[in-house]
Amino acid sequence: MTQVDTAPSNFIRNIIDSDLQSGKHQVIHTRFPPEPNGYLHIGHAKSICLNFGLAEDYPNALCNLRFDDTNPVKEDADYVAAIEKDVRWLGFKWAGDIHYSSDYFEQLYDFAVELIKKDKAYVCALDAQQTREYRGSLMTAGKDSPFRNRPTSESLDLFARMRAGEFAEGSMMLRAKIDMASPNMKMRDPVLYRIRFAHHHQTGDKWCIYPMYDFTHCISDALEGITHSLCTLEFEDHRPLYDWVLANISIACKPRQIEFSRLNLQYTLTSKRKLHALIEEEIISAWDDPRMPTISGMRRRGYPAAAIREFCKRIGVTKQENTVELASLEACVRENLEAHGPRAMAVLDPVKVIISNYDENKTEKLIAAVHPKDESMGTRTVTFSREIFIDRADFREEANKKYKRLVLGKEVRLRNAYVIKADQVIKDDAGEITEIHCSYDPETLGNNPTDGRKVKGVIHWVSAVENQAAEFRIYEPLFMVENPAGAENIHEVLNQNALVVKHGFVESGLSDAPAEKAYQFEREGYFCADNKDSSPERLVFNRTVALRDSWGG
Ligand code: ATP
Ligand code: MG
């Protein structure tokens with residue numbers, strides 16, 4: 001029994017295949033273990049697609065969602081809710097109930113007591129400074145703590161009293177007794193528990209000692225019967241400790257930790273801590289700002305979940321550190337929307353066109369395809385009238401032959417409507433064009449009429465009598481440099497054009513455009529209604545992605 005044929009293979013799937021073939025495992029069980037200290041970002045999407053994707057592809061396999069919540073100071077229930085929503089939106093389902101590492105605090109405590117009883121852990125009273133000094137460096141061995149050989153009974157008593165709240169924060173800790181001379185710094189008597197008088201979003205004020213990540217993670221995995229514990233490369237040197245803890249406590253399940261490389265993306269920060277800093281420094285006001293590489297930001301911007309999944313599939317899973325081009329993420333979004341995004345017309349920088357030979361009292365409901373290549377998406381009606389708006393950039397008083405739009409004295413075809421000819425321009429005192437007077441040919445209705453006219457240019461338009469005013473938010477990457485994480489001062493690499501706001505009009509049919517659903521505004525790009533700021537009274541559209549790649553991919 002191996003994976004389904006359509007799944008792209010990778011070194012982790014190869015390991016799993018051989019574990020199934022050898023009979024080491026009958027069923028695969030993975031987990032996605034976010035710490036609820038921020039919102040999920042595109043890097044997490046890679047891990048989600050990997051872990052939940054394995055569960056989907058292998059027979060009877062499961063993937064847990066577990067909140068790795070051992071640091072109450074930085075965590076919050078709001079983050080828990082946002083993470084659940086994001087995983088579900090990406091299209092994945094976790095096995096059974098949601099898990100929390102904090103569910104296991106009692107068991108973790110018991111395992112810690114077991115380690116003390118086996119003389120594998122001790123209560124240490126060195127302060128932070130001393131602990132650092134005793135740990136040594138990569139070049140020099142560490143020194144044993146003076147508390148290392150205190151009697152087991154003493155550590156047991158002190159550990160119980162730590163739990164009971166008798167000692168101040170930082171005055172005591174529980175440490176594993178491993179090897180202060182180990183070349184792996186993580187193995188130099190790592191801290192297992194510390195004192196924190198902090199309220200926890202799940203356990204309230206029940207605990208004042210909290211287990212450390214390295215102690216908690218492996219035990220949580222084992223308690224849940226995880227077979228393959230997948231994490232990013234920075235955990236490679238934690239693996240001996242992961243295995244040490246499980247080898248020294250009474251637990252049968254021994255999950256295997258496997259590391260893969262993080263996703264790094266051009267022009268993008270993929271670290272919750274750094275994204276958090278953008279909010280703290282008021283560079284960005286919210287985690288779901290469409291300029292953020294968070295899942296909620298991308299959703300708000302109109303990225304389809306399927307496009308993010310496709311991106312994660314294309315980048316693959318390896319142990320190689322690399323940086324993925326932003327263009328490849330945008331290409332996945334664009335390909336999805338090219339195929340599935342309904343078409344509509346919007347004018348972002350409007351100038352009025354008056355069609356002098358069109359009846360003043362007349363409007364027409366013209367029929368247009370919702371998608372030119374997908375008839376199943378049906379048709380829509382677009383109102384045509386004597387006065388319309390076109391984009392300022394689509395008109396010139398004079399132009400050479402390369403300019404295939406409206407030119408004074410020349411013809412252009414209006415998308416889904418008629419051929420018009422520009423006869424005259426009206427300007428204000430400042431010389432700005434306020435009206436373009438045109439005439440239309442009633443025999444030219446439709447996009448591909450057999451009118452035999454050689455009109456090359458086609459431009460989009462919106463009726464000036466039946467439309468919806470709209471705000472358009474045009475986004476570019478938040479940073480001007482490919483590797484913003486390497487910038488000394490983040491303020492210096494901010495892209496001042498990351499958000500540009502325009503005001504114009506959309507087809508009247510878009511007054512109830514559902515939020516987050518991207519349309520192709522013909523010739524302008526893909527846009528979706530904003531899920532916070534848009535309402536039928538005040539439409540706000542986010543540009544999801546431009547029509548073409550402009551990032552040199
Ligand atoms: P950050 O550095 O953004 O805070 P983290 O690793 O601390 O990330 P967690 O909430 O602990 O965040 O991550 C949950 C899971 O997502 C972990 O297994 C982690 O390895 C994985 N993950 C986090 N960032 C990335 C990334 N850029 N690429 C792939 N996987 C990632
Ligand atoms: Mg982490």
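As the structure lists them, so they are numbered: ligands from 1, and atoms in each ligand from 1. Treat the numbers as computed from the prediction; the structure is a model and nothing was measured. Position 1 is the first residue of the sequence, and the numbers go up from there.
For the side-chain hydrogen bond (donor to acceptor under 3.5 Å, both in side chains) test, residues two or more places apart in sequence or in another chain that qualify with Lys532 are Asp288.
Residue pairs that meet the ring pair (Phe, Tyr, Trp, His ring centres under 6.0 Å) test with at least one member in residues 299-342, sequence neighbours left out, do not exist here.
At a 3.5 angstrom cut-off on N or O pairs, Lys272 counts as close to ligand 1. Note: an N/O pair closer than 3.5 Å links His41 and ligand 1 by distance alone. In terms of polar-atom proximity, Asn37 is not counted as a contact of ligand 1, lacking any N or O under 3.5 Å from an N or O of the ligand. In terms of polar-atom proximity, Arg262 is counted as a contact of ligand 1, with an N or O under 3.5 Å from an N or O of the ligand. Of the polar atoms of Thr232, at least one N or O is found under 3.5 Å from an N or O of ligand 1, judged by distance alone. Considering backbone and side-chain N/O atoms, Arg273 never comes within less than 3.5 Å of an N/O atom of ligand 1. An N or O contact shorter than 3.5 Å is missing between Phe32 and ligand 1 by distance. Of the polar atoms of Gly43, at least one N or O is found under 3.5 Å from an N or O of ligand 1, judged by distance alone.
Considering only heavy atoms from C-beta on, Leu115 stays 4.5 Å or farther from Leu174 through its side chain.
Between the NZ atom in Lys186 and the CG atom in Asp214 there is a gap of 7.0 Å [rounded to 0.5 Å]. From Arg13, atom CZ reaches atom OH of Tyr58 across 5.5 Å, with rounding to the nearest 0.5 Å.
A ring-ring contact (aromatic ring centres under 6.0 Å, His included) with Tyr210 is found for exactly one of Tyr193, Tyr109, Phe215, Phe105, namely Phe105. If you run salt bridge (Lys or Arg N to Asp or Glu O under 4.0 Å) between Asp530 and each of Arg300, Lys517, Arg299, only Arg300 comes through.
Under a 4.0 Å criterion applied to the non-hydrogen atoms of His44, ligand 1 contributes the atoms 3 (O), 8 (O), 9 (P), 10 (O), 12 (O), 13 (O), 14 (C), 16 (O), 22 (N), 23 (C).
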